[in-house]
Every structure is written in C-alpha cells, then in structure tokens.
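Sequential numbering from 1 along the given sequence is applied to the chain's residues.
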Amino acid sequence: MISMKNVYKTYGNGVTALNGINVEIDKGEFVYVVGPSGAGKSTFIKLIYREEKATAGDIVINEKELSTIKEKQVPMLRRDIGVVFQDFKLLPKLTAYENVAFAMEVIEAPPSTMRTRVLEVLDLVGLKNKSRFLPDELSGGEQQRISIARAIVNRPKIVIADEPTGNIDPDTSWEIMQIFEEINRRGTTLIMATHSREIVDTIRKRVIAIENGTIARDEALGEYGYEI
Ligand code: ADP
Ligand code: ADP
C-alpha cells in the first residue's frame with residue numbers, strides 16, 4: 001500500500017530531513033511514527049500525501065509511483081488519503097456539517113449521496129447533534145472529531161494524522177484514539193505521528209521511530225521509547 005525505497009528529502013535551505021528511508025506499510029496496518037523534534041516525522045508524512053516531493057528515491061502509494069505522477073493526478077492520489085492535522089484546519093466560517101460536506105464537494109461527489117454520508121461520518125465521530133455548530137463553538141476535541149469526519153468522508157484507503165492529539169487534553173485524546181481504532185478496524189490503513197508516550201505504550205501498534213532522518217526502529221508492537 002505504501003512503499004519507500006532509498007528516499008531522501010533535502011529542503012531548499014539545504015536541510016536534509018530524510019536521509020535514506022526504506023519502509024513498507026501494508027493495507028490495514030496501524031503505524032505510529034515517533035521520534036525527537038526535527039527528526040523528520042512530518043516530512044515523512046508529507047511525502048505520503050505529496051505535500052512535499054522526495055529529492056531522491058521511490059515512493060509508491062496505492063500502486064502509484066509518486067516520482068512519475070503528473071501534477072494533475074495529485075488530486076486523484078489525495079482522494080485515497082485523508083489527512084488529520086494537529087491544528088484541525090477547519091474552515092472557520094463553515095459549520096461542522098459544511099466542513100465535512102466541503103470535502104465531498106471538492107471531489108465532485110454526487111449530491112444525492114452527500115447528505116447521507118456526511119451525517120454517517122458525523123455520527124461515527126459522535127457529533128451528529130452538533131452538525132450546525134461553527135468550529136469556534138466546539139471544544140478542541142470536538143473540532144478534531146470534525147476534522148476526522150472530514151478526512152474519512154470520501155472513504156480513503158489511508159488516513160494520516162500528524163500529532164492529532166497535540167492540541168487536546170489527555171481525556172479527549174483517548175476518545176480520539178477510539179475513533180482512529182474504529183476507522184482502522186474497518187480496514188483503513190492508519191499512520192499517526194505522535195509525541196504521546198502514554199498513547200503509544202497503551203494502545204500497542206507498530207512503531208516506526210525516525211531519528212536524524214533515518215528509521216532507527218521499526219517494531220511490530222513497539223514502544224514509544226523516549227523520555228518525554
Ligand atoms: P519532525 O516532524 O520530526 O519534527 P520535520 O520533518 O518537521 O521533523 O523536520 C525535519 C527537519 O527538516 C528539521 O530540521 C526541520 O527544520 C526541517 N524542515 C522541515 N520543514 C522544512 C521546510 N519547509 N523548509 C526547510 N526545512 C524544513
Ligand atoms: P493546500 O495544499 O494549499 O493546503 P488543499 O486544496 O490541498 O490546499 O487543501 C485545502 C484544505 O483542505 C487543507 O487546508 C486541509 O485542511 C484540507 N485537506 C486537504 N486535503 C485533505 C485530505 N486529504 N483530508 C482532509 N483534509 C484535507
């Protein structure tokens with residue numbers, strides 16, 4: 001489902017963020033990406049949804065070779081990938097419902113299926129009753145649940161989350177994790193960068209640790225492994 005071979009990423013300022021990454025992630029896996037700040041976790045994640053391009057190496061996502069993909073094919077690639085950000089990135093003037101529906105409008109989904117699907121995913125994240133609320137009328141945890149609903153509404157094969165619990169309190173974080181586990185149980189590949197030792201050591205999954213732009217550990221049921 002996701003394959004990287006000898007992948008390097010050097011930014012325009014000369015910083016090498018990834019220094020020879022080799023990894024295979026299969027359909028349906030749940031993977032934590034851990035490591036110190038500046039290790040290259042976000043860059044690793046951005047390469048998967050083509051927010052950044054690799055400087056060298058081969059990346060294959062859902063059988064698409066990213067180095068040869070044309071710019072106009074990028075939206076098709078992204079259709080298979082839902083992204084959840086630490087800071088939610090909801091559109092502030094749209095309601096919860098509209099934020100989720102917008103993701104379907106962007107891919108020109110048939111309007112007939114829209115309402116049902118949006119309500120279905122709002123229900124899955126437990127926020128059907130707040131569909132008319134604006135983001136700033138919702139708590140951080142609720143906003144994150146809306147952003148998860150947005151990420152899954154088009155039924156992507158892969159969900160990527162970059163520190164999804166970074167801005168929410170610990171109790172709410174467990175609720176968010178339950179939603180991710182449910183999404184994964186339904187067959188979606190889930191990749192989550194996190195600094196939460198509690199989460200990684202409690203809900204045990206595959207752990208890929210990135211240090212100085214390389215994979216330092218890759219363990220089937222791994223541990224967080226850092227002091228904080
Ligand atoms: P992490 O997510 O593990 O904190 P990042 O992938 O964000 O690591 O960053 C890895 C390295 O790349 C860091 O040295 C960071 O400063 C650098 N970096 C990240 N994004 C950019 C960018 N857009 N331009 C230049 N350097 C960047
Ligand atoms: P940009 O690359 O300039 O952020 P996009 O059109 O890719 O513009 O995305 C616009 C907004 O839509 C992003 O800020 C993000 O919040 C959201 N978004 C984009 N792609 C996804 C995705 N695959 N899953 C969830 N939200 C997404």
Side-chain angles (χ1 to χ4, degrees), residues 1-2 25 27-30 42 45-52 61-64 66 69-165 167-168 172 175-193:
M1 169 133 293
I2 297 172
I25 297 172
K27 179 173 164 41
E29 282 200 76
F30 191 132
S42 290
I45 274 184
K46 285 176 180 167
L47 290 180
I48 297 173
Y49 67 99
R50 222 342 177 95
E51 176 73 16
E52 293 287 351
I61 310 287
N62 288 325
E63 285 147 30
K64 295 184 190 88
L66 297 201
I69 201 172
K70 296 195 174 63
E71 277 316 307
K72 64 172 193 232
Q73 294 174 298
V74 170
M76 276 306 281
L77 168 83
R78 294 221 178 124
R79 200 174 283 205
D80 284 338
I81 306 173
V83 186
V84 175
F85 303 93
Q86 179 173 6
D87 59 357
F88 325 135
K89 296 196 195 296
L90 296 173
L91 297 168
K93 295 197 167 113
L94 299 186
T95 65
Y97 180 95
E98 289 163 348
N99 263 283
V100 178
F102 184 69
M104 291 191 82
E105 285 161 16
V106 168
I107 68 154
E108 294 171 6
S112 57
T113 62
M114 191 124 68
R115 196 180 146 73
T116 324
R117 297 281 350 259
V118 172
L119 292 175
E120 205 175 281
V121 291
L122 286 175
D123 195 31
L124 175 72
V125 301
L127 281 178
K128 209 170 164 183
N129 60 339
K130 295 198 171 167
S131 64
R132 291 171 198 276
F133 285 48
L134 290 167
D136 69 7
E137 296 169 330
L138 298 168
S139 70
E142 288 171 335
Q143 290 184 57
Q144 192 57 297
R145 286 194 267 161
I146 297 298
S147 93
I148 294 170
R150 175 183 62 189
I152 62 171
V153 74
N154 294 322
R155 300 189 171 152
K157 297 187 176 77
I158 302 168
V159 167
I160 295 179
D162 197 352
E163 300 222 28
T165 63
N167 280 348
I168 53 193
T172 313
E175 294 168 22
I176 297 291
M177 288 310 296
Q178 281 180 11
I179 297 169
F180 282 136
E181 284 199 278
E182 177 59 26
I183 292 168
N184 177 245
R185 256 195 300 275
R186 294 178 183 202
T188 310
T189 306
L190 213 134
I191 300 168
M192 170 175 161

Non-hydrogen atoms of [X] and [Y] that approach each other most closely:
X	Y	result
A151	P156	O-CG, 3.3 Å
I160	I158	CG1-CG2, 3.9 Å
M192	M177	CE-SD, 3.5 Å
P92	P135	O-CD, 3.6 Å

Measuring from [X]:[atom1] to [Y]:[atom2], what's the distance to the nearest 0.5 Å?
X	Y	atom1	atom2	value
K157	I61	NZ	CD1	12.0 Å
M76	K64	CE	NZ	6.0 Å
E98	L90	CD	CG	12.0 Å
I168	F88	CD1	CZ	6.0 Å
K89	Q144	NZ	CD	11.0 Å

Tell me, do [X] and [Y] make a side-chain contact under 4.5 Å, heavy atoms counted?
X	Y	value
N167	Q86	yes
L122	N129	no
R78	E51	yes
I69	R50	yes
L77	L66	yes
I2	I191	yes
I176	V84	no

Applying side chain to side chain donor-acceptor pair (under 3.5 Å), can you list everything that pairs with [X], at least two apart in sequence or on another chain?
X	answer
K130	E142
N62	D80
T188	none

Spell out, as yes or no, whether a donor-acceptor pair under 3.5 Å connects the side chain of N99 to the backbone of L94.
yes

T189 (side chain) donor-acceptor with G28 (main chain) under 3.5 angstrom:
yes

By ring-ring contact (aromatic ring centres under 6.0 Å, His included), which residues pair with F180, not counting sequence neighbours?
none

Can you tell me if E175 and T172 form a side-chain donor-acceptor pair at under 3.5 Å?
no

Tabulate below the donor-acceptor pairs under 3.5 Å that side-chain atoms of residues 102-117 make, not counting sequence neighbours, or state none.
from : atom 1 : to   : atom 2 : distance (Å)
T113 : OG1    : P110 : O      : 2.9
R117 : NH1    : V153 : O      : 2.8
R117 : NH2    : V153 : O      : 3.4

Looking at V125, N184, I152, which hits side-chain contact (heavy atoms from CB on, under 4.5 Å) with I179?
V125

So, using side-chain contact (heavy atoms from CB on, under 4.5 Å) as the criterion, who are the partners of S42 when residues are at least two apart?
D162

side-chain contact (heavy atoms from CB on, under 4.5 Å) for L138 and R145? Distances and angles first, verdict last.
CA-CA 10 Å; L138 298 168; R145 286 194 267 161; over 6 Å; no

Give the C-alpha distance, both sets of side-chain angles, the deciding distance and a yes or no for side-chain contact (heavy atoms from CB on, under 4.5 Å) between I148 and I183.
CA-CA 10 Å; I148 294 170; I183 292 168; 3.5 Å; yes

Check the pair E137 / R132 against salt bridge (Lys or Arg N to Asp or Glu O under 4.0 Å), numbers first and verdict last.
CA-CA 10 Å; E137 296 169 330; R132 291 171 198 276; over 6 Å; no

